[in-house]
Amino acid sequence: MKHLGLVGKSNERDRRPTQDELDELIEYFETNSRQVIPMGRIVRYAVATTMRQEEICRPDWPLVDMKKRILTIIDRKDPRKKDGNNQKVPLLNLTGYDAWEIMLQQRIITRGQGRVFPYNHRSVSKAFARACEELKIEDLHFHDLRHEGTSRLFEAGLTIEKVALVTGHKDWRTLRRYTKLNPEELHKLQIAPQPSLEEVVEALTKNPRPIAG
């Protein structure tokens with residue numbers, strides 16, 4: 001179809017949210033008492049992990065390695081091969097948001113039962129679009145958070161092959177084959193230490209307030 005010119009290449013988006021827009025969105029969600037889905041946390045997690053909506057809402061707790069701080073995504077989206085495309089993603093804090101800390105918060109809230117984020121991914125998309133409309137943030141899609149997170153990983157100094165370990169892109173599969181990298185190795189690049197589950201529980205005990213959504 002491509003050779004015949006019947007199918008064209010989709011236009012690539014280059015829309016990046018500003019930090020002010022992200023702050024505005026997160027504040028909007030976390031101060032909205034009618035907001036059931038913890039969208040503020042999901043927005044931070046989306047940037048931190050570069051995950052798509054379904055990749056955020058689908059995984060169950062058994063797929064989270066609490067010792068290695070790794071999440072396995074089953075059948076991750078791939079235009080060439082989705083079935084069997086299971087990928088391990090390190091939960092990092094290189095984007096301005098700490099994916100591991102957010103994971104620990106979800107662990108406490110869900111008690112480690114069921115899905116990590118037990119929400120419909122379509123509802124997440126609708127909530128995000130509705131908030132952008134309310135805040136008059138133009139031309140911003142939830143998927144743009146994935147692009148933003150990817151850009152921040154590069155800005156943090158990660159090489160292409162290391163970024164690919166987080167995003168799941170296969171364009172650099174040949175380079176990955178020669179690097180011999182493990183997802184766990186990306187934790188060594190972090191400057192700030194990540195909290196343990198016990199430390200998060202202790203902090204909440206000393207300051208008993210709900211974890212903002």
Among L165, L71, T72, which residue satisfies the side chain to side chain contact (heavy atoms under 4.5 Å, CB included) criterion with K88?
T72

ILVMFWY cluster, V36 and I42 together (side-chain gap under 4.5 Å)
no

Kindly work out whether a path of hydrophobic side-chain contacts (I/L/V/M/F/W/Y, heavy atoms less than 4.5 Å apart) joins W100 to V201.
yes

Answer yes or no: is there a side-chain heavy-atom contact under 4.5 Å between [X] and [Y]?
X: R58; Y: I73; answer: yes
X: M103; Y: R107; answer: no
X: L94; Y: R152; answer: no
X: T110; Y: V116; answer: no
X: I70; Y: V89; answer: no

Determine, for E155 against R16, whether the closest basic-nitrogen to carboxylate-oxygen distance falls under 4.0 angstrom.
yes

K206/E202 salt bridge by N-O under 4.0 Å criterion
yes

Rounded to the nearest 0.5 Å, what's the gap from [atom1] on [X] to [atom2] on [Y]? Could you check?
X: I37; Y: N32; atom1: CD1; atom2: CG; value: 11.5 Å
X: L153; Y: I160; atom1: CG; atom2: CD1; value: 13.0 Å
X: L140; Y: E133; atom1: CG; atom2: CD; value: 13.5 Å
X: Y45; Y: M39; atom1: OH; atom2: CE; value: 14.5 Å
X: R146; Y: D144; atom1: CZ; atom2: CG; value: 12.0 Å

Apply side chain to side chain contact (heavy atoms under 4.5 Å, CB included) to L145 and F128, showing your working.
CA-CA 11 Å; L145 302 181; F128 187 83; 4.0 Å; yes

Residue R122 excluded, over 12 heavy atoms near CZ under 6.0 Å:
no

Using every non-hydrogen atom in the two residues, find where Q35 and A127 come nearest and quote the distance to one decimal.
NE2-CB, 4.1 Å

For F142 versus Q53, what's the shortest heavy-atom pair and its separation?
CD2-CG, 3.1 Å

Would you please test Q194 and D98 for side chain to side chain donor-acceptor pair (under 3.5 Å) and show each step?
CA-CA 8 Å; Q194 292 180 302; D98 191 340; 2.7 Å; yes

Kindly assign one of parallel, tilted or perpendicular to the pair Y119 and F117, based on the angle between their ring planes and the thresholds 30° and 60°.
tilted

